[in-house]
Number of protein chains: 2
Amino acid sequence: MITDQEEISRRLNIKGYRLTKQRLAVLKVLQSTKSHPDANWIYEKVRKEIPQVSLGTIYRTLGILKEAGLLRELNYASSLSHYDANTENHAHVVCTNCGRIDDLPLSLPHKLEVQASKATDFLIADHRLEFYGLCPHCCPSSAD
Amino acid sequence: MITDQEEISRRLNIKGYRLTKQRLAVLKVLQSTKSHPDANWIYEKVRKEIPQVSLGTIYRTLGILKEAGLLRELNYASSLSHYDANTENHAHVVCTNCGRIDDLPLSLPHKLEVQASKATDFLIADHRLEFYGLCPHCCPSSAD
DNA sequence: TATAATATTAGTAACGATTATCATTATGGT
DNA sequence: ACCATAATGATAATCGTTACTAATATTATA
């Protein structure tokens, strides 16, 4: 998670983008939460600081921050994009009832990536590992 | 892949659905291809057999067939749903350039599923493993 | 500090995939 | 054949996301 403003600015400049208060606000909001919010949630949070901000700016900004490697986009079954300030590749657990998404400190064994590369003639660059199930709140017979 | 019409009918009936020629046509089209087509592609194919079919029926049917366990829905970054007649859990490779999706005869080691279950308090029921990269056609310096 | 060149914004319209609505048609059981 | 109910086709509505545009802000340069 990149919090140094100089570094954020540098990363944007590489791509020809400027660091504006809107962009910083979006990134700060995203970095301030462990959840994986969608664009609208970020919009509502940013509005508290910059009331006249528009949803279009949020979308544009998220795309730019992603391009600059400052966040990662996740697409789930809801056909709604969620964003994550953690750009390290990691697994997720998704609640199929309420949509909650948690990180999972788990990485795919290198062996499996090699196996995948051998099994296809695609040039593999990345992967995604997701688990689906019910979160504690949605679990019908939880013991807690 | 379930091809026996009796069995297809039985699976639909369990959920209170009937087997119609539109539903059979959608399933047949999906079973006839190794690709993972989207609703519109299926629509175009089904139209050749049933010209007056509507796109709404395709969507409705795909949802019902999924509910009956006759197909699986995949959601990718394109925010477009793709469908797969293979209901076995398996990995996919997705071309980040042209969107082509291939099967990968690879399954997650059971050990990893156990590891995931221990790392979270979610009740895990399913998982998805996807690799991203470039397919042979989109690979800039392919040796073939 | 003025000025020009360019990037960014807010606001709004447009888009595309998917869903809902509804009158008509088909199906299955009696 | 008749009735109850499910399914269809056509079309309108929905919703997340993108594109457009005139106004504003930022940066570089003189």
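Chain letters run A, B, ... following the sequence lines, proteins first and then strands; every chain starts at 1.
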Rounded to the nearest Å, what distance is computed from the [atom1] atom of residue [X] to the [atom2] atom of nucleotide [N]?
X	N	atom1	atom2	result
Leu12(A)	dT27(D)	CG	P	12 Å
Arg23(B)	dA7(D)	CZ	P	4 Å
Glu67(A)	dT18(D)	CD	P	13 Å
Tyr43(B)	dT8(D)	OH	C1'	13 Å
Arg47(A)	dA10(C)	CZ	C1'	12 Å
Ile50(B)	dA26(C)	CD1	C1'	13 Å
Leu62(A)	dT17(D)	CG	P	9 Å
Tyr17(A)	dT27(D)	OH	C1'	17 Å

Counting just side-chain N and O atoms, does [X] come under 4.0 Å of either OP1 or OP2 of [N]?
X	N	value
Arg18(B)	dT8(D)	no
Gln22(A)	dA25(D)	no
Thr20(A)	dT9(C)	yes

- Task: Would you kindly compare Thr57(B) and Arg60(A) by the position of their nearest DNA chain D nucleotide and give the one closer to the 5′ end?
- Result: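 Per heavy-atom nearest nucleotide, the more 5' residue is Thr57(B).
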
- Which residue lies more 5' along DNA chain D, comparing Leu55(B) with Leu19(B) via nearest heavy atoms: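 Result: Leu19(B).
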
- Task: Following the transitive rule for hydrophobic clusters with a side-chain heavy-atom cut-off under 4.5 Å over Ile, Leu, Val, Met, Phe, Trp and Tyr, establish whether Val53(B) and Val26(B) coincide in one cluster.
- Result: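 In one cluster: yes.
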
- Gap separating the CZ atom of Arg23(A) from the CZ atom of Arg60(A), nearest 0.5 angstrom: 7.5 Å

- Query: Nearest to the side chain of Tyr59(A), which nucleotide is it out of dT18(D), dA10(C), dG9(D)?
  - Reply: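 Output: dT18(D).
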
- Task: Please check if the side chain of Ser9(A) supplies one atom and the backbone of Glu6(A) the other of a donor-acceptor pair under 3.5 Å.
- Result: no

- Are Leu108(B) and Leu129(A) close enough that some pair of their side-chain heavy atoms sits under 4.5 Å apart?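 Side-chain contact under 4.5 Å: yes.
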
- In a check of side chain to side chain contact (heavy atoms under 4.5 Å, CB included) between Phe131(B) and each of Leu106(B), Asp102(B), Val94(B), which one passes? Leu106(B)

